[in-house]
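Working notes for the structure below.
These numbers come from the heavy atoms of this one structure, side chains and all, not from hydrogens, waters or symmetry mates. One-based numbering, in listed order, for ligands and for the atoms of each.
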Amino acid sequence: MEDCIFCKIIKGEIPSTKVYEDEDMVIIKDIAPQAPIHLLLLPKQHFANIIEMTDEQAVLVARCIKKLSTMTHELGLDGGFRLISNKGKDACQSVEHLHIHILGGAQLADKMG
Ligand code: AMP
């Protein structure tokens, strides 16, 4: 998508701090971290959210999460982590390219809402 900021980050047209990249996804540091470790998992395919996700894209996202599960130590997440994917206005989604927040590096709030 031409005007999607995350597509531009994936293509390297906008600078970011990439901590991982493969054929399926990139993982970057969030520009406005809300935890000591706040990363964003960005599938390289553009789709807005899980509602618009095809079956094939669901498999892609599952593969990305499975890969993430193998790199939590390297990412400093041995203490645990939280995955969040916001969808729509009530969840304050601000970028219409599916992404998964990875939060950790400290004891997180027990309330999520
Ligand atoms: P959401 O509100 O769930 O759509 O999350 C979007 C996230 O993208 C926010 O946490 C932003 O801080 C983050 N963000 C926006 N622009 C950038 C950028 N250029 N580089 C890294 N993170 C960004």
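Residue Leu40 has at least one heavy-atom neighbour below 4.0 Å for each of these atoms of ligand 1: 8 (O), 13 (C), 22 (N). Ligand 1 places these atoms under 4.0 Å from at least one heavy atom of Ile28: 21 (C). Atoms of ligand 1 lying under 4.0 Å from at least one heavy atom of Ser94, given by number and element, are 1 (P), 2 (O), 4 (O), 5 (O), 6 (C). Proximity to Lys29 (heavy-atom distance under 4.0 Å) selects the following atoms of ligand 1: 21 (C). Those atoms of ligand 1 that come under 4.0 Å of a heavy atom in His99, given as number and element, are 1 (P), 3 (O), 4 (O), 5 (O), 6 (C). The atoms of ligand 1 that sit less than 4.0 Å from any heavy atom of Ile9 are 18 (C), 19 (N), 20 (N). The distance from ligand 1 to the heavy atoms of Ala32 drops below 4.0 Å at these ligand atoms: 12 (O).
Residue contact annotation: Ile84 has no non-hydrogen atom under 4.0 Å from ligand 1. Ligand 1 lies less than 4.0 angstrom from a heavy atom belonging to Cys92.
With rounding to the nearest 0.5 angstrom, the CG atom of Leu40 is 9.5 Å from the OG atom of Ser16. Summarising the geometry, atom CD1 belonging to Ile31 is positioned 7.0 Å from atom CD1 belonging to Ile5; distances are rounded to the nearest 0.5 Å. One distance of note links CG of Leu103 with CG of Leu39; it measures 8.5 Å at 0.5 Å rounding. Atom OG of residue Ser69 and atom CZ of residue Phe81 lie 7.5 Å apart, to the nearest 0.5 angstrom.
Across all non-hydrogen atoms, the minimal contact from Ile10 to Glu21 is O-OE2, 4.4 Å. Nearest heavy atoms, Cys64 versus Asp24: SG-CB, 4.0 Å.
When each of Lys44, Arg63, Lys67 is checked for a side-chain hydrogen bond (donor to acceptor under 3.5 Å, both in side chains) with Asp22, only Lys67 meets the rule. Checking each of Ile27, Leu75, Ile28 against Tyr20 for a side chain to side chain contact (heavy atoms under 4.5 Å, CB included) leaves exactly one that passes, namely Ile27.
Residue contacts with ligand 1: Pro15 is placed with no nitrogen or oxygen under 3.5 Å of a nitrogen or oxygen of the ligand (distance criterion only). Any N or O atom pair closer than 3.5 Å counts here, and Gln93 shares no such pair with ligand 1. Checked against a 3.5 angstrom limit, the closest N/O atoms of His101 and ligand 1 fall inside it.
The heavy atom nearest to atom 7 (C) of ligand 1, out of those in Asp30, Val95, Asn86, is found in Asp30.
In terms of protein heavy atoms, atom 16 (N) of ligand 1 is closest to Ile5 CD1, 3.9 Å. Looking from atom 8 (O) of ligand 1 to the surrounding protein, the closest heavy atom is Phe6 CZ, 3.4 Å. For atom 23 (C) of ligand 1, the closest heavy atom belonging to the protein is Ile31 CG2, 3.5 Å.
In this structure the side chain of Leu68 reaches within 4.5 angstrom of the side chain of Leu83, judged on heavy atoms. Side-chain contact between His101 and Gln34 is absent, with no heavy-atom pair separated by less than 4.5 Å.
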